[in-house]
There are 2 protein chains.
Amino acid sequence: MASADLREKIKEVAVKHFNKNGFYGTTIRNIANDVNCSLPMIYYYYKNKKELFDEIIKKEFFNIIKKQVSSLTMENVIDFYTKFIYDLNNLSDYDKQVYRLGIKVYMSFDGDEELKNLMDEWEKTILPRHYQILKPYLKNIDNEVAVVRTLVHLLETMIENIVVKNRFLPENEIREEIEIVLRGCQ
Amino acid sequence: MASADLREKIKEVAVKHFNKNGFYGTTIRNIANDVNCSLPMIYYYYKNKKELFDEIIKKEFFNIIKKQVSSLTMENVIDFYTKFIYDLNNLSDYDKQVYRLGIKVYMSFDGDEELKNLMDEWEKTILPRHYQILKPYLKNIDNEVAVVRTLVHLLETMIENIVVKNRFLPENEIREEIEIVLRGCQ
DNA sequence: CTCTATATCTAACGTTCGTTAGTATTTTAT
DNA sequence: ATAAAATACTAACGAACGTTAGATATAGAG
């Protein structure tokens, strides 16, 4: 097997194991078994178990998040947010599992303090970003901040449904819920 | 120490450990250390680690949930749901941690298949129950089901904020968000 | 006071874990 | 073709784990 491929395959399998059994429930031996390589090969490519876990969150998870953020606003906010959520349905299995593991860490259900701090930093940027996106459409609304907060809360549950509970969310249901919160805008 | 007390204390400490480190990251030795008893005492009161974990979910968690469900509807839905969520802030530390562990299992971030099935059964009852509560107030609304679904989604995020992320949610913020979703009712 | 049941302990068993030392194989560069 | 570097393996170490055997202490009943 070509070297870079094996390194990626290890990470891919590790994501599944960390998701299913958590950091402590995952063993290097089980990963090596599923990858069909010997146990020390994991240590050839990763310093130790923690570094493997860290790389998944720090590189893979935040890559997905950054990709998502760079998706551009459309002329219609409701269309934009509907697409924003609906597109999660079509994430690759690997991306979905990485996302799921990220949420697990985000809720401090797994991972260490350092990763949790990264997540807290990330979380702080969420509300302001959506406030910027929504601002132009919130002219004739009195409780601007509450609407943004409510929408972000709603988005969070929908993301969890798709990514954590692995459910398909139909576009019309997503749109309905977003419309209920943003009804009265523009 | 009186016998029944020790049994409860073990469970109390176990909840903290399972929350912080997950099922596999929790060791009977660490629990015994924190409880200040010898290791085999855990096995005197619980068959094994799994039974200890199971009892927390099956008895403690579902007790909290059942208590919550039995809270009676008030004349005003918005008051009712605001109180429903706000009261979570005042849960005891122990109850909050038990609730948190339950959510962890609910999202299948921990626990085994059997517990996950219990959670799935529970989940099926959520939407219908809230539909019953809201029905009288949804007369002049066309998309009844979507409103109920959106509200339940919103409640879920707020519960997670209080119980999982351990944040205090002020009553006015809770009310604002519920009002946004239920605006136009009654 | 003694017997018995309950509550608690020390010590250990066998297993599995993360990790590494040491060695062999394959690829690449010259 | 051969030396060097990269990739892979077998085997093992020491530590920690879940669990239990067996002994000891405590308390209530007669």
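So that the names make sense, note that chain A is the first sequence line, chain B the second, and so on, each numbered from 1.
Nucleic acid contact for Thr27(A): sugar-phosphate only, since backbone atoms but no base atoms lie under 4.0 Å from a heavy atom of the residue.
Candidate nucleotides dT19(C), dT19(D), dC9(C) were compared by shortest atom distance to the side chain of Cys37(B), and dC9(C) ranks first. Of the candidate nucleotides dA11(C), dA11(D), dC17(D), dA11(C) has the atom lying nearest to any side-chain atom of Pro40(B). The side chain of Ser38(B) approaches dC9(C) more closely than any other nucleotide in the set dG18(C), dC9(C), dA8(D).
As a whole-Å value, the separation of Tyr43(A) OH from dT23(C) C1' is 19 Å. Rounded to a whole Å, the CE atom of Met41(B) is 16 Å from the P atom of dA25(D). As rounded to whole Å, 17 Å separates atom C1' of dA8(D) from atom CD1 of Ile28(A). Atom CG in Leu6(B) sits roughly 14 Å away from atom P in dA27(D) (whole-Å rounding). Here the P atom of nucleotide dT20(C) and the NZ atom of Lys49(A) are 14 Å apart, to the nearest Å. Residue Asn48(A) contributes atom CG, which lies 9 Å from atom C1' of dG18(C) at whole-angstrom precision. In this structure, the OH atom of Tyr46(B) is 16 Å from the C1' atom of dT8(C), given to the nearest Å. Between Asn36(B) atom CG and dC9(C) atom C1' the separation is 14 Å, expressed in whole Å.
His17(B) and Asp34(B) are linked by a side-chain donor-acceptor pair at a separation below 3.5 angstrom, with hydrogens and angles left out of the test.
For Tyr24(A) and dC17(C), the shortest distance from a side-chain N or O to OP1 or OP2 is not below 4.0 Å.
Geometrically, Arg7(B) does not engage Tyr44(B) in a cation-pi contact, judged by NZ or CZ lying under 6.0 Å from the ring centre and within 45° of the ring axis.
Note that the OG1 atom of Thr26(B) and the CZ atom of Phe53(B) stand 8.5 Å from one another [nearest 0.5 Å].
Placement of Ile126(B) and Tyr137(B) within a single hydrophobic cluster is found when ILVMFWY residues are connected by side-chain heavy-atom separations under 4.5 Å, directly or transitively.
Classification of Glu177(A) and Arg149(B) as a salt-bridged pair holds, one side-chain N sitting under 4.0 Å from a carboxylate O.
Ranked by how close their nearest DNA chain D nucleotide is to the 5' end, Tyr44(A) and Leu39(A) are led by Tyr44(A).
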